[in-house]
Amino acid sequence: MEKVLVIVGPTAVGKSDCGVRLAQSFFGEIISGDSIQVYRGLDIGSGKVTKEETQNIPHYLIDILNNKENYSVADFQLNARKYIDQISKDRKLPIIVGGTGLYIKSCLYDYQFNDQKEEKIDEKWNDMSNEQLYKVLQEIDPKACDTIHVNNRKRIIRALMIAQSGTTKSEIEQKQEHKLVYDALIIGLTCDREVLYSRINRRVELMIKNGLEDEIKSLLDQGITFEDQAMQGIGYREWKDYFQGNSTVDEVKTNIQTHSRQFAKRQYTWFNNQMDVCWFDIEQENWFEMCKEKVESWLHHE
RNA sequence: GGUCCUGUAGCUCAGUUGGUAGAGCAAUGGACUGAAAAUCCAUGUGUCGCCGGUUCAAUCCCGGCUGGGACCA
């Protein structure tokens, strides 16, 4: 199995910097595991690394789409695996760095996705209530209903779409072994919750100072709308009210901070419960040295 | 100085014709297989500003004190 180093953690802990330093130490190249940084022009709000910050370490899966395009887990899985392959063949170490838990898990584990061409959305679903949709799904794929709540309309519709292709969501998942497909070391960066929250607040403050408002303005000038997928990201969607004249920059800032904190909490829930993460506390004196040692021993262990 | 309004969960406020209270937001925990920075679920003890009075019983009625606000001098 190919070796893949992975760096995860909540927003604003310092994953990008850690990734670059580890890449320098171990001849690595970085694959971004992030759902927003794929978009060109979404720089400040997505916390994208700058040219200087990359330290000439190659970074893949950043700036690969224009801001009107859509992206999904399946796209990420395909792309990330392609780069893992390529980097490995170059005798370099692939390092996935990012905070999008589902994306990273789908790449590392044996997640399988259907050929989407066979799936279609049924117009009549739009007029049905959550309960009605749930009832339909119970007929077709009762097993899927176990993990989907009635109110989670998005998920119910997705499961119904899969069912249109001839197989079902639960059938696809049953075929999988839920095992890693790479020799992956998953490193998680963490710190005390209060410390993280003040880091987040400071970071958002800085984004505003660095011209986030102008970034949104220029995206809007390019024709992007708040309905586009790219604009669903934190740091972007909060500006809708402001540009419609219904809120102040200060309110936008507070909202971005709150949403970022809530996001960080959800990221912890994912990384703590969905993946086998080896955590390092960035407040500890020698955390980076310890982290390097961990990587070292993993690299030399066959 | 006078009149009136007001003080209930971290915040904004409901409410009890007297039987010790509940929404939204926040917070915390959780789920997650093609929007995932998305979507969804669960969790509410708080001296009902303080002191006293009436009452079997007060957060609610009465009196005083105190914080906030508005208006009149």
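Proteins come first, then strands; the chains are lettered A, B, ... in the order of their sequence lines, and each starts at number 1.
- Nucleotides B/C48 and B/A58, compared at atom C1', are 11 Å apart to the nearest Å.
- The A/Arg155 side chain lies nearest to B/U33 when the options are B/A35, B/A27, B/U33.
- Only the P atoms considered, B/G29 is 16 Å distant from B/G44, to the nearest whole Å.
- No engagement by A/Tyr109 is indicated, since no non-hydrogen atom pair under 4.0 Å with the nucleic acid exists.
- A/Gln229 comes within contact range of the sugar-phosphate backbone alone, with a heavy-atom separation under 4.0 Å but no base atom that close.
- The partner of B/A58 is absent, by the rule that a Watson-Crick or G-U pair needs both atom distances under 3.5 Å.
- For the residue pair A/Val249 and A/Glu213, the shortest heavy atom distance occurs at CG2-OE1, 3.8 Å.
- Side-chain proximity of A/Arg261 to B/U33, B/A26, B/G30: nearest is B/A26.
- Among the atoms of the strands shown, base atoms are found under 4.0 Å from some heavy atom of A/Gly45.
- With B/C32, B/A37, B/A35 as the candidates, the nucleotide lying closest to the side chain of A/Ile36 is B/A37.
- Closest to the A/Ile234 side chain, of the nucleotides B/A36, B/U33, B/A37, is B/A37.
- Ion pairing between A/Lys253 and A/Asp250 holds under the 4.0 Å rule for side-chain N and carboxylate O.
- Between the side chains of A/Asp75 and A/Ser72, at least one donor N or O sits under 3.5 Å from an acceptor N or O.
- In this structure, of B/C32, B/G30, B/C41, it is B/C32 that holds the atom nearest to the side chain of A/Gln274.
- The base-pairing partner of B/A27, taking Watson-Crick or G-U wobble contacts with both distances under 3.5 Å, is B/U43.
- A/Tyr268 comes within contact range of no nucleotide atom at all, as no heavy-atom separation falls under 4.0 Å.
- With B/U33, B/A27, B/G30 as the choices, the nucleotide that has an atom nearest any side-chain atom of A/Arg266 turns out to be B/G30.
- Separation of the C1' atoms belonging to B/U55 and B/C61 is 10 Å when rounded to the nearest angstrom.
- Distance CD1 (A/Ile162) to C1' (B/C32): 13 Å, rounded to an integer number of Å.
- With C1' as the reference atom, B/A23 and B/U16 are 15 Å apart, rounded to whole Å.
- For the P atom pair drawn from B/G52 and B/U59, the interatomic distance equals 12 Å after rounding to whole Å.
- Considering only side-chain atoms of A/Asn152, the nucleotide from B/C40, B/U28, B/A37 that sits closest is B/C40.
- For the P atoms, the distance from B/A9 to B/C13 is 11 Å, rounded to whole Å.
- Distances were taken from every side-chain heavy atom of A/Lys265 (C-beta onward) to each of B/C32, B/G29, B/A37; the shortest belongs to B/G29.
- At the heavy-atom level, A/Asn70 lies nowhere under 4.0 Å from the strands shown.
- Under the Watson-Crick and G-U wobble criteria, each requiring two contacts below 3.5 Å, nucleotide B/U33 is left unpaired.
- Contacts of A/Ser106 with the nucleic acid, taken as non-hydrogen atoms under 4.0 Å apart, are absent.
- With B/U33, B/G30, B/A37 as the choices, the nucleotide that has an atom nearest any side-chain atom of A/Ser46 turns out to be B/A37.
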Apply side-chain contact (heavy atoms from CB on, under 4.5 Å) to the pair A/Thr147 and A/Lys169, showing each step before the final yes or no. CA-CA 11 Å; A/Thr147 48; A/Lys169 180 175 183 285; 4.3 Å; yes

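- A pairwise comparison of heavy atoms in A/Lys48 and A/Arg40 identifies NZ-CA, 4.3 Å as the closest pair.
- Nucleotides B/U20 and B/G24 have their P atoms positioned 23 Å apart, rounded to a whole Å.
- The residue A/Tyr71 sits close only to the backbone: its heavy atoms come under 4.0 Å of sugar-phosphate atoms, none of a base.
- B/U54 and B/C62: their P atoms are spaced 16 Å apart (whole Å).
- Among the nucleotides B/G30, B/A26, B/A36, the one closest to any side-chain atom of A/Thr100 is B/A36.
- In this structure, A/Gln267 reaches neither bases nor backbone, as no heavy-atom distance under 4.0 Å exists between it and the strands shown.
- Nucleotide B/A73 forms a pair with no other nucleotide shown, judged by Watson-Crick or G-U wobble geometry with both contacts under 3.5 Å.
- Within 4.0 Å of A/Asp110, counting heavy atoms only, lies no atom of the nucleic acid at all.
- Checking B/C65 for Watson-Crick or G-U wobble geometry (two distances, each under 3.5 Å) identifies B/G49 as its partner.
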